[in-house]
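In what follows, chains are A, B, ... by sequence order, proteins preceding strands, each numbered from 1.
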Amino acid sequence: MFALLDGNNFYVSCERVFRPSLQGVPVVVLSNNDGCAIARSNEAKALGVRMGHPWFQIRHLEASDGLVALSANFALYGDMSDRMMSLAAGLGPTQEVYSIDECFIGLDGVRGDLTARAHAVRSRILNWLGLPCCIGLGATKTLAKLANHIAKTAERKPGSYPAELAQVCDLTRLSEDAHDALLATTDVGEVWGVGPRIGAQLREAGVRTALDLARLDTATLRGGWSVTLERTARELQGLSCIDLDHAPQPRQQIACTRSFGQPVTTLAPLIEAVSEFTSRAAVRLRAQDSAAGAVLVFVRTSPFRKSPQYSRSVVVPLAHPTQNTARLVGAALHGLRSIYQSGYALAKAGVMLVQLQACLPRDAQAGTTVGSVATSVRQGEFDFESLGSTRDAGHLMKALDEVNARWGRGTLKIASAQAQMPRHDEVATQWTGKQERRTPGYTTCWSEMPVVRA
DNA sequence: TCTGGGGTCCTAGGACCC
DNA sequence: TCTGGGGTCCTAGGACCC
């Protein structure tokens with residue numbers, strides 16, 4: 001048996017904790033570059049603002065309806081998330097943090113009234129942190145997700161579901177008939193694992209509700225769709241197929257990509273941006289103690305513009321897997337130069353560290369054999385391993401990460417990119433995304449902490 | 001004028017092998 | 001005109017998630 005706890009309109013709720021005047025007001029939080037709405041208060045949803053709605057299409061609501069838009073403050077949301085997850089963990093013995101605003105809790109072995117327990121945890125999170133959340137309980141993860149959807153919808157749209165299911169919905173307490181009746185009033189597209197495409201296909205085939213999907217037979221599911229959807233249908237029937245993942249594996253790839261604040265037409269700002277993206281990805285690479293076997297770089301124009309389109313990517317293999325920022329940046333810039341072409345208004349670039357593997361012991365890492373060099377030369381791989389001593393680089397990276405953790409990101413930077421060009425402020429501001437509505441780092445920056453006056 | 005970022009899994013099809 | 005069968009591995013693309 002599982003619970004799914006999910007923060008309501010999470011980013012907006014985090015902002016409201018520190019600006020109570022935003023309660024009851026339509027609020028959206030915008031994505032990087034102030035591009036799209038990625039979180040919406042209930043009032044903003046009522047105005048018709050969709051998830052991912054481009055800001056330029058809804059900004060007129062600022063004047064007409066008092067819509068407030070804020071730039072995303074991920075440092076704040078991450079910190080508030082850590083606090084919420086700590087309190088959520090009190091619900092049961094095992095926890096899977098599924099995303100920044102939700103977690104699954106394994107409830108096996110928990111005695112007593114689980115519904116009451118869920119209400120208590122929900123109240124604690126609201127009282128101690130100021131964050132509203134909803135909790136769903138079900139026999140499987142998919143049913144817990146569905147229960148959470150019902151708990152949220154019952155709260156937000158009175159009359160859509162029985163009022164007693166608002167905030168905390170425990171499907172395991174219901175009779176079979178009541179359980180089925182709820183599934184029969186839930187659109188199939190609300191089921192976890194059913195997206196827009198599969199949802200449309202299912203409706204086309206006459207499968208309109210969660211109950212319809214639960215009752216589809218195996219042959220139809222495998223023939224018409226995939227094992228993934230079959231698993232989802234089993235889970236809806238109460239047969240647990242997806243385990244709690246309380247010890248997540250290291251990531252298989254690490255990406256850092258950004259849209260630019262303004263179109264970029266020259267190489268210099270690209271070099272700076274790609275160096276920065278690679279450095280950020282490398283920090284996360286070392287945090288999970290992995291090494292990358294290759295670096296992917298891409299640049300592209302905006303698909304929304306009529307101007308000439310250009311989109312290229314390249315994978316640069318490394319002679320040896322590494323977690324050294326200098327080598328990763330070297331590979332990334334090598335790739336960038338190979339795909340860069342002047343004459344285009346580039347809107348976005350990114351770096352992905354791929355072919356990740358667990359870091360080798362230091363001794364094995366330091367060894368470069370004649371045979372491996374010969375192989376890499378023959379295969380045309382670029383040997384960035386020769387850029388510096390591996391043994392010293394490990395200590396250097398550790399120092400780099402510690403200094404930046406202590407004094408803030410960017411205190412120490414790789415100079416390789418900047419050394420090749422004069423430093424002009426306009427170079428940086430060209431690729432840096434817009435963040436015109438950022439709130440303070442209330443809980444993550446000493447100088448921006450809220451001040452309470454008696 | 002202005003349209004996010006970061007992941008995972010599954011499958012089909014091509015390359016290659018015998 | 002006529003062109004096997006079976007297997008593995010890899011990759012690109014599609015679909016999903018938040």
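Of the residues in residues 234-259 of chain A, none has a non-hydrogen atom less than 4.0 angstrom from any atom of DNA chain C. For the contact set between residues 44-59 of chain A and DNA chain B, defined by any heavy atom under 4.0 Å, the members are A:Pro54, A:Phe56. Within a heavy-atom distance below 4.0 Å of DNA chain C, the residues of residues 190-209 of chain A found are A:Val191, A:Trp192, A:Gly193, A:Val194, A:Gly195, A:Pro196, A:Arg197, A:Ile198.
One interatomic measurement links the two molecules: CD of A:Glu436 to C1' of B:dC2, which rounds to 10 Å at whole-angstrom precision. Regarding A:Leu213, its CG atom lies at a distance of 13 Å from the P atom of C:dC16, rounded to whole Å. Here the P atom of nucleotide B:dC2 and the CZ atom of A:Phe304 are 11 Å apart, to the nearest Å. Following rounding to the nearest Å, A:Asn32 (CG) and B:dC2 (C1') show an atom-to-atom distance of 15 Å. Taking atom CG of A:Leu285 as the reference point, atom P of B:dG7 lies 11 Å away to the nearest angstrom. The distance from atom CD1 of A:Ile38 to atom P of B:dG7 is 15 Å, rounded to the nearest whole Å. Atom CG of A:Leu30 is separated from atom P of B:dG5 by 13 Å (rounded to the nearest Å). Between the OH atom of A:Tyr77 and the P atom of B:dG6 there is a distance of 16 Å, rounded to whole Å.
Checked by atom type, the side-chain pair A:Gln167/A:Glu155 shows a donor-acceptor distance below 3.5 Å.
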For side-chain hydrogen bond (donor to acceptor under 3.5 Å, both in side chains), just list the numbers for A:Thr218 and A:Arg234, CA-CA rounded to whole Å, side-chain angles, deciding distance to a tenth of an Å, and then say yes or no.
CA-CA 9 Å; A:Thr218 303; A:Arg234 294 291 153 272; 2.6 Å; yes
Which is it for A:Tyr442 and A:Arg19 under the side-chain contact (heavy atoms from CB on, under 4.5 Å) test, yes or no, and what are the steps along the way?
CA-CA 11 Å; A:Tyr442 298 107; A:Arg19 282 175 63 178; 3.5 Å; yes
Between A:Ser41 and A:Asn9, does a side-chain hydrogen bond (donor to acceptor under 3.5 Å, both in side chains) hold up when you go through it step by step?
CA-CA 6 Å; A:Ser41 71; A:Asn9 315 329; 5.9 Å; no
Could you walk me through whether A:Thr439 and A:Asn73 pass the side-chain hydrogen bond (donor to acceptor under 3.5 Å, both in side chains) test, one step at a time?
CA-CA 7 Å; A:Thr439 54; A:Asn73 185 345; 3.1 Å; yes
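A:Arg251 is linked by a side-chain hydrogen bond (donor to acceptor under 3.5 Å, both in side chains) to nothing, counting only residues two or more places apart in sequence or in another chain. With sequence neighbours excluded, the residues forming a side chain to side chain contact (heavy atoms under 4.5 Å, CB included) with A:Ala3 are A:Leu91, A:Ile105, A:Leu107, A:Ile135, A:Leu137, listed by chain and number. Every residue was checked against the salt bridge (Lys or Arg N to Asp or Glu O under 4.0 Å) condition with A:Arg59, not counting sequence neighbours, and none meets it. Residues meeting the side-chain hydrogen bond (donor to acceptor under 3.5 Å, both in side chains) test with A:Glu190, sequence neighbours left out: none. Not a single side-chain hydrogen bond (donor to acceptor under 3.5 Å, both in side chains) links A:Arg156 to another residue, sequence neighbours left out. Taking A:Asn33 as the reference, nothing meets the side-chain hydrogen bond (donor to acceptor under 3.5 Å, both in side chains) condition, with sequence neighbours excluded.
Nucleotides C:dC17 and B:dT3 are separated by 26 Å at their P atoms, to the nearest Å.
Counting heavy atoms from C-beta on, the side chains of A:Leu126 and A:Pro132 come closer than 4.5 Å. A heavy-atom distance below 4.5 Å is not found between the side chains of A:Leu129 and A:Val17.
The aromatic rings of A:Tyr344 and A:Tyr310 sit parallel, their planes meeting at an angle under 30°, below the 60° perpendicular limit. Using cut-offs of 30° and 60° for the angle between ring planes, the A:Tyr161 and A:His149 rings count as perpendicular.
With ring centers used as reference points, A:Phe104 lies under 6.0 Å from A:Trp192.
Using a 4.0 Å heavy-atom criterion, one finds that A:Arg280 contacts no nucleic acid atom at all. No contact: A:Asp34 has no heavy atom under 4.0 Å from any strand. Among the heavy atoms of the strands lying under 4.0 Å from A:Lys348 are primed sugar atoms or P, OP1, OP2 only; no base atom is included.
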Dot-bracket for DNA chain B, please. Rules: Watson-Crick or G-U, both distances under 3.5 Å, ( ) within the strand, [ ] when a pair crosses earlier ones, | for another strand, . otherwise.
....||||||||||||||
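Here salt bridge (Lys or Arg N to Asp or Glu O under 4.0 Å) pairs that include residues 67-83 of chain A, with residues two or more places apart or in two chains, are A:Asp79-A:Arg83.
Contact between the side-chain N/O atoms of A:Lys145 and the OP1/OP2 oxygens of C:dC18 is found at a separation under 4.0 Å.
For the pair A:Ser302 and A:Ser226, nearest-nucleotide mapping onto DNA chain B gives the more 5' position to A:Ser302.
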Table of protein N/O atoms under 3.5 Å from nucleotides 8-12 of chain C N/O atoms:
none

